[in-house]
Amino acid sequence: MRPERYNAKEAEPKWRKVWAERELFRTRNEDPRPKYYVLEMFPYPSGRIHMGHVRNYTMGDVVARFKAACGFSVLHPMGWDAFGMPAENAAMERGVNPGIWTRQNIADMKDQMKPLGFSLDWTREFATCDPEYYGQQQSMFLDMLAAGLIYRKAAMVNWDPVDMTVLANEQVIDGKGWRSGAPVERRELTQWFFKISDYSGELLEALDHLTNWPDKVRLMQANWIGKSRGLQFAFATRGAPDGFDRLEVYTTRPDTLMGASFAAISPDHPLAKQLERHDPKIAAFVAECRRGGTSAEAIETGEKLGLDTGITVVHPFDSAWELPVYIANFILMDYGTGAIFGCPAHDQRDFEFATKYGLAIPSVFVAEGADDAPLAEAFAPMKSERVCYIRGFAGEKVQTGDAAVTAAIAHCESVGVGRGVTNYRLRDWGLSRQRYWGCPIPVIHCATCGVVPEGKANLPVRLPDDVTFDRPGNPLDRHPTWAATTCPKCGAAARRETDTMDTFVDSSWYFARFTAPHAATPTLAEDAAYWMNVDQYIGGVEHAILHLLYSRFFARAMHKTGHLPVSAIEPFNALFTQGMVTHEIYQSRDAAGRPVYHLPEDVLRFNIGHEPVAFLRAQHATDLTEMTESQLAELRIAAASTPIDIVPSAKMSKSKKNVVDPMNIIASFGADTARWFVMSDSPPERDVEWTSSGAEAAFKHLSRVWALCDRIGQMPVGHVGRDDADIARAAARAVKDVTQGIEGFAFNKAIAKLYEFTSAISRADGSTDAMKQAIRTLAQLMQPMTPHLSESIWAYQGGVGLCAQAPWPKADPALLIDDSVTLPIQINGKRRAEISVPKDMPASEIEKLALAHEDVVKFLAGQPVKKIIVVPGRIINVVV
RNA sequence: GCGGGUGUGGCGGAAUGGUAGACGCGGCAGACUCAAAAUCUGUUUCCGCAAGGAGUGUCGGUUCGAGUCCGACCACCCGUACCA
């Protein structure tokens with residue numbers, strides 16, 4: 001009898017309807033079961049879901065469905081990170097209103113997400129551009145302002161001198177404005193800041209307790225916060241303007257103070273600003289330094305420039321030793337004091353600078369045995385290397401590294417040269433954006449009262465809808481009426497702040513809002529206390545630093561202002577960072593030799609032997625798709641068409657056209673296939689390459705599972721088989737392995753075990769009852785990945801209720817124990833034989849058996865055995 | 001530049017310091033078929049007829065034993081504070 005083919009197109013919507021009708025995924029506060037909060041980083045509503053979304057939300061859904069089956073009351077919400085630049089770009093390019101564009105995108109993406117069958121509680125949905133959301137954010141802004149967590153100061157932005165507008169780093173391409181093409185410069189602007197630096201130490205120390213976060217993320221955050229111990233001291237200056245008779249510097253390498261060659265200040269240092277006023281040469285140089293963008297990458301990789309100011313400083317240990325003071329473009333005003341001393345002998349960047357400007361390079365220490373010869377590069381001793389000080393000062397002796405720094409600080413302090421200072425690299429978080437599509441900053445500028453917070457009763461400060469994008473700049477700034485208001489303090493006419501908030505603010509507390517998404521206050525104490533923290537947070541590793549650090553800070557700030565309990569200051573109990581979905585790129589060249597990219601759906605790709613080949617479908621008559629691979633191979637050999645280049649896999653991006661639309665996959669194969677494929681093959685923390693063959697394989701497997709289910713369904717009642725014990729053992733092992741796989745985020749391994757279990761059932765000759773039991777267990781184990789198919793199997797095989805609600809199966813420990821074990825025998829570390837022994841055989845017995853093994857005897861060829869190592873249950877190694 | 005990560009068959013990958021290559025794709029062979037598709041079975045790291053040998057990015061080290069630990073390097077990816 002031909003098995004009935006599984007029809008995903010019919011079955012999937014049917015089951016989603018059943019889940020929706022029974023409100024299976026709606027979370028209730030009064031649910032008596034223990035809570036579990038699983039959250040995937042919410043999407044930016046671009047309008048189309050992509051495979052990265054499918055992978056991210058499928059992972060979360062696997063966890064959510066697994067935890068639900070394990071008896072938890074699962075909170076699994078979804079929302080939209082809806083503010084940001086793309087909406088403004090669309091407005092500029094197509095003249096659409098950012099709000100309307102965003103709302104439409106949200107509707108479109110929701111339509112695309114629904115068919116995937118995620119177990120989401122849609123009653124908690126919100127978008128950050130909802131006034132109900134951003135109004136609460138404004139309210140918290142006012143609370144944080146009152147609590148001293150927010151302040152204003154001047155800071156640098158990218159300035160496009162042609163478009164007269166501020167640019168995001170992303171909009172600066174090779175130092176030029178992306179639209180105007182004009183060289184970008186740095187310009188100072190007064191902006192709002194969160195005092196995240198007040199929490200540097202706490203944010204750093206608390207990382208130690210985030211044991212369910214990836215080590216790499218904790219390490220990256222620790223390095224980002226960048227705690228350092230160093231020496232801060234003042235040089236006496238000679239020839240400096242009034243008020244600059246001392247130059248304060250900070251160094252993490254006071255042990256190299258005797259190797260000083262120059263001092264350098266940032267172009268934004270007050271001294272530089274002072275000199276700029278009277279010296280045109282310095283003014284020109286400082287202007288030169290301000291060219292280019294503000295990004296650290298641009299500054300650090302750019303050419304290192306310096307200008308001798310003519311001012312000198314006196315070495316603190318030798319009043320006769322003067323060092324020139326340079327203005328240098330790589331010194332950041334934000335770090336330390338904005339001034340350094342350079343030790344070229346032991347710092348590569350200083351070495352290059354000194355070489356370029358012909359400065360002295362005195363060594364402080366050399367490798368033991370080496371002499372004080374000119375260096376080819378900065379010398380930093382390796383861990384094991386001993387050094388000898390040739391120009392040190394009391395206190396270092398032969399120490400290097402941290403010990404030398406500590407000793408140097410102690411010595412300097414004892415002789416009155418500066419003091420030890422702990423510094424952090426972490427800078428305060430600038431939240432002002434000179435853009436329309438963001439949360440308005442609720443403050444008012446009054447001519448008499450200055451900066452005045454908006455009254456809470458007037459919140460939300462709503463964005464106006466009638467804005468124009470016909471020219472660059474912030475539409476709020478030029479809106480005819482929006483900014484006009486009255487001062488809450490004195491009642492005089494005043495002007496609203498037209499800057500909006502960084503979208504990172506929106507995403508720094510949405511997880512807390514999900515606990516009470518429609519409340520009239522940012523959070524509700526009871527709900528926040530109950531649902532927080534997020535038990536499992538899942539998202540891309542590209543958020544390892546900024547989003548996750550800002551959220552950790554914001555939770556603390558929310559606690560300080562009474563919006564979160566102290567238990568929620570670390571909002572994410574466990575974090576998982578997933579890899580990207582990649583695809584190979586199909587490229588040809590136009591007449592001018594420029595690359596032209598092709599969508600995977602327009603390309604026919606196959607292997608000839610091991611060699612991958614790709615053709616453009618459009619180059620051929622439509623019947624090309626009907627040809628077999630061998631026919632296609634002949635076609636290629638006949639040079640009837642030109643193959644196109646296959647460029648190795650990269651992150652799916654529109655510009656390279658290496659994108660696969662999840663909707664097409666769902667249309668062809670169904671949601672379960674898409675879900676199964678993104679969970680199989682690659683470990684979730686690593687990138688996964690989308691291949692059409694992989695998707696087809698997933699589809700074929702799910703079809704085989706259904707065919708097996710159908711075959712079992714047709715078995716006569718009361719059939720007796722031989723393999724019931726084996727089936728029970730295979731099931732117990734599958735339950736154990738799949739459970740472990742899901743709990744450990746090793747979904748690819750869980751799926752490999754499901755393949756094995758499927759094949760074990762398929763080969764077995766079991767009784768009707770045993771086979772039905774096995775396939776029901778299989779359906780349950782697959783349910784987190786393939787919820788629709790699992791429901792179909794469950795229903796077909798007489799499962800009680802819904803598969804999604806059935807309690808997670810448990811493995812009988814007695815079935816997991818094997819009686820005998822196969823041990824490999826190595827001779828000098830090379831595997832030469834193996835023996836099968838009872839599980840509990842003593843080592844001495846195993847040793848005798850191993851030495852008596854005929855292959856072992858053959859390989860030993862009478863040589864005396866020096867040593868024999870028996871690792872019980874593992875291996876035997878004979879050393880000769 | 002700096003910080004972090006990754007590197008294993010033709011491909012995606014598996015492997016508490018203990019049989020390298022589970023599972024899947026692709027390939028090859030076979031069954032079924034007039035034929036093809038679909039499906040099923042077997043096989044598949046490389047060299048070698050075999051015996052055997054080599055093999056986890058490169059070089060070196062620790063160990064009875066290294067993909068795994070240590071040191072140096074190479075390549076690629078992510079982040080780099082206004083992309084989200």
Side-chain angles (χ1 to χ4, degrees), chain A residues 2-3 41 43-44 46 81 83-86 157-158 166-172 214-217 219-220 222-224 226 293-302 304 330 334 348-349 382-384 426-435 502-504 507 540-547 549-550 577 579-580 582 606-607 609-612 628 648 650-651 680-683 685-689 691 693-694 696-698 700-701 703-704 707 746 748-749 751-756 759 822-826 828-834 866-869 871 873-879:
Chain A
R2 197 188 149 86
M41 292 180 185
Y44 178 80
S46 61
D81 189 13
F83 278 134
M85 292 203 305
V157 292
N158 300 305
V166 176
L167 297 179
N169 285 338
E170 190 188 46
Q171 299 171 317
V172 179
D215 287 342
K216 63 175 175 185
V217 174
L219 188 56
M220 279 190 269
N223 288 336
W224 185 259
T294 59
S295 76
E297 191 195 0
I299 291 168
E300 293 283 340
T301 57
K304 308 288 182 286
F330 56 90
D334 297 310
Q348 188 58 26
R349 190 176 63 181
M382 287 195 276
K383 256 186 204 164
S384 56
L426 181 65
R427 308 201 299 254
D428 277 334
W429 171 13
L431 65 107
S432 301
R433 298 291 180 270
Q434 296 71 42
R435 275 189 270 282
D502 178 6
T503 57
F504 273 121
S507 55
V541 71
E542 66 272 19
H543 296 291
I545 295 173
L546 294 180
H547 163 61
L549 189 61
Y550 290 154
T577 54
M580 299 177 302
T582 66
F606 54 94
N607 285 355
H610 291 317
E611 191 197 347
T628 65
K651 181 176 181 169
S680 60
D681 287 353
S682 280
E685 68 276 13
R686 235 188 278 175
D687 293 350
V688 64
E689 181 178 33
T691 59
S693 58
E696 278 160 29
K700 280 181 195 171
H701 177 72
S703 302
R704 271 196 293 270
N748 56 324
K749 284 186 260 173
I751 282 182
K753 299 297 179 186
L754 286 167
Y755 273 105
E756 286 178 6
S759 139
T822 303
L823 295 179
I825 304 171
Q826 293 183 333
N828 286 339
K830 282 224 172 278
R831 193 182 78 92
R832 295 300 184 188
E834 61 179 38
K866 279 194 197 138
K867 197 172 167 186
I868 179 160
I869 292 149
V871 184
R874 278 285 169 197
I875 204 164
I876 302 147
N877 192 11
V878 183
V879 186

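Below, chain A is the first sequence line, B the second, and so on; all start at residue 1.
Residue A:Leu426 is classed as a base contact, given a heavy-atom separation below 4.0 Å to a base. Among the atoms of the strands shown, base atoms are found under 4.0 Å from some heavy atom of A:Phe504. Nucleic acid contact class of A:Val166 (heavy atoms, under 4.0 Å, all strands): base. No engagement by A:Gly579 is indicated, since no non-hydrogen atom pair under 4.0 Å with the nucleic acid exists. Note on A:His547: nothing from the nucleic acid sits closer than 4.0 angstrom, heavy atoms only. Contact annotation for A:Pro683: backbone-only contact, meaning every heavy-atom pair under 4.0 Å involves sugar-phosphate atoms and none involves a base. Counting non-hydrogen atoms under 4.0 angstrom, A:Val157 reaches a base of the nucleic acid. Looking at heavy-atom distances under 4.0 Å, A:Ser507 makes no contact with the nucleic acid at all. Looking at heavy-atom distances under 4.0 Å, A:Asn877 makes contact with a base. Residue contacts shown for A:Lys830 are limited to sugar-phosphate atoms, with no base heavy atom under 4.0 Å away. A:Val879 comes within contact range of the sugar-phosphate backbone alone, with a heavy-atom separation under 4.0 Å but no base atom that close. Across all strands shown, A:Leu219 has heavy atoms under 4.0 Å from sugar-phosphate atoms exclusively, and none from any base. As judged by a 4.0 angstrom heavy-atom cut-off over every strand, A:Thr301 is placed among the base-contacting residues.
Rounding to the nearest 0.5 Å gives a distance of 7.0 Å between CG of A:Leu754 and NE2 of A:His701. Put simply, CZ on A:Arg832 and CG on A:Asn877 are 11.5 Å apart, with the number rounded to the nearest 0.5 Å. Annotation: the span from A:Met220 atom CE to A:Leu549 atom CG amounts to 12.0 Å, rounded to 0.5 Å. The CG atom of A:Asn748 lies 11.0 Å from the NZ atom of A:Lys753; values are rounded to the nearest 0.5 Å. Here the NZ-CZ distance, from A:Lys304 to A:Arg349, works out to 7.0 Å after rounding to the nearest 0.5 Å. A distance of 9.5 Å separates CG of A:Leu167 from OG1 of A:Thr294, quoted to the nearest 0.5 Å.
When distances run from any side-chain atom of A:Asn223 to the nucleotides B:rU19, B:rG3, B:rC82, the shortest one goes to B:rG3. Distances were taken from every side-chain heavy atom of A:Gln434 (C-beta onward) to each of B:rA14, B:rC82, B:rC64; the shortest belongs to B:rC82.
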Carefully, step by step, assess A:Asn828 and A:Val879 under the rule side-chain contact (heavy atoms from CB on, under 4.5 Å).
-> CA-CA 5 Å; A:Asn828 286 339; A:Val879 186; 3.7 Å; yes
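Separating the C1' atom of B:rA50 from that of B:rG65 is a span of 29 Å, rounded to the nearest Å. As rounded to the nearest Å, B:rG55 and B:rG10 have C1' atoms that lie 16 Å from one another. The separation of B:rA75 from B:rU58, taken at their P atoms, amounts to 15 Å, rounded to a whole angstrom. Atom name C1', nucleotides B:rG3 and B:rA81: the rounded distance is 13 Å, in whole Å. Rounded to a whole angstrom, the distance from the P atom of B:rA54 to that of B:rG5 is 34 Å. Comparing the C1' positions of B:rU19 and B:rG79 gives an interatomic distance of 41 Å, to the nearest angstrom. Nucleotides B:rG17 and B:rG9 have their C1' atoms positioned 23 Å apart, rounded to a whole Å. B:rC69 and B:rU56: their C1' atoms are spaced 16 Å apart (whole Å).
Spacing between atom CG of A:Asp81 and atom C1' of B:rA84 amounts to 7 Å, rounded to whole angstrom units. One atom, CG of A:Leu823, and another, C1' of B:rG65, lie 15 Å apart when rounded to the nearest Å. Regarding A:Glu297, its CD atom lies at a distance of 13 Å from the C1' atom of B:rC83, rounded to whole Å. Protein atom CG of A:Asp215 is 13 Å distant from nucleotide atom P of B:rG4, rounded to whole Å. In this structure, A:His543 places its NE2 atom 15 Å from P of B:rA81, rounding to the nearest Å. A:Ile299 has its CD1 atom 11 Å from the C1' atom of B:rA81, to the nearest Å. Atom P of nucleotide B:rC82 and atom CG of A:Asp502 are separated by 6 Å, given to the nearest angstrom. Residue A:Arg427 contributes atom CZ, which lies 14 Å from atom C1' of B:rG3 at whole-angstrom precision.
In terms of heavy-atom proximity, A:Pro214 sits nearest to A:Thr577 at CG-OG1, 4.0 Å. A pairwise comparison of heavy atoms in A:Gly84 and A:Tyr44 identifies O-OH, 4.3 Å as the closest pair. Minimum interatomic distance between A:Leu546 and A:Phe504 (heavy atoms only, all atoms of both residues): CB-CZ, 3.9 Å. Minimum heavy-atom separation, A:Thr503 to A:Phe83: CG2-O, 3.4 Å. Contact detail for A:Asn158 and A:Gly293: the closest heavy-atom pair is OD1-CA, 3.1 Å. Here the closest non-hydrogen pair linking A:Phe330 and A:Ile299 is CA-CG2, 4.3 Å.
Ring orientation note: the planes of A:Tyr550 and A:Trp429 are close to parallel, at an angle under 30° on the 30°/60° scale.
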Under 3.5 Å between N/O atoms: give me all the protein pairs with nucleotides 7-9 of chain B, atom names plus distance.
| from | atom 1 | to | atom 2 | distance (Å) |
| --- | --- | --- | --- | --- |
| B:rG7 | OP1 | A:Arg686 | NH2 | 3.3 |

Each nucleotide N or O in nucleotides 20-25 of chain B that has a protein N or O under 3.5 Å away: list the pair and distance.
| from | atom 1 | to | atom 2 | distance (Å) |
| --- | --- | --- | --- | --- |
| B:rA22 | O2' | A:Glu756 | OE2 | 2.9 |
| B:rC25 | O2' | A:Ser693 | OG | 3.0 |

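The phosphate of B:rU80 (OP1 or OP2) has no side-chain N or O of A:Ser295 nearer than 4.0 angstrom. Under 4.0 angstrom from either OP1 or OP2 of B:rC82 there lies at least one side-chain N or O belonging to A:Arg433.
In terms of position along RNA chain B, the nucleotide closest to A:Ile876 lies nearer the 5' end than the nucleotide closest to the other residue of the pair A:Ile876 and A:Trp224. Residue whose closest nucleotide on RNA chain B sits further toward the 5' end, between A:Val541 and A:Gly84: A:Val541.
Using a 4.5 Å heavy-atom cutoff, the side chains of A:Leu219 and A:Asp215 are not in contact. Proximity of A:Arg433 to A:Met85: side-chain heavy atoms (C-beta onward) are nowhere separated by under 4.5 Å.
No N or O donor and acceptor, one from the side chain of A:Arg832 and one from the base of B:rU19, sit under 3.5 Å apart. On a pure distance criterion of 3.5 Å, no polar donor-acceptor pair joins the side chain of A:Asn169 and the base of B:rC82.
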Fill in the dot-bracket string of RNA chain B, one character per base: . for unpaired, | for a pair to another strand, ( ) or [ ] for pairs within the strand, taking Watson-Crick or G-U pairs under 3.5 Å.
-> (((((((..(((.....[....)))((((((.......))))))(((....)))..(((((..]....))))))))))))....
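With its glycosidic angle more than 90° from 0, B:rG7 is assigned anti.
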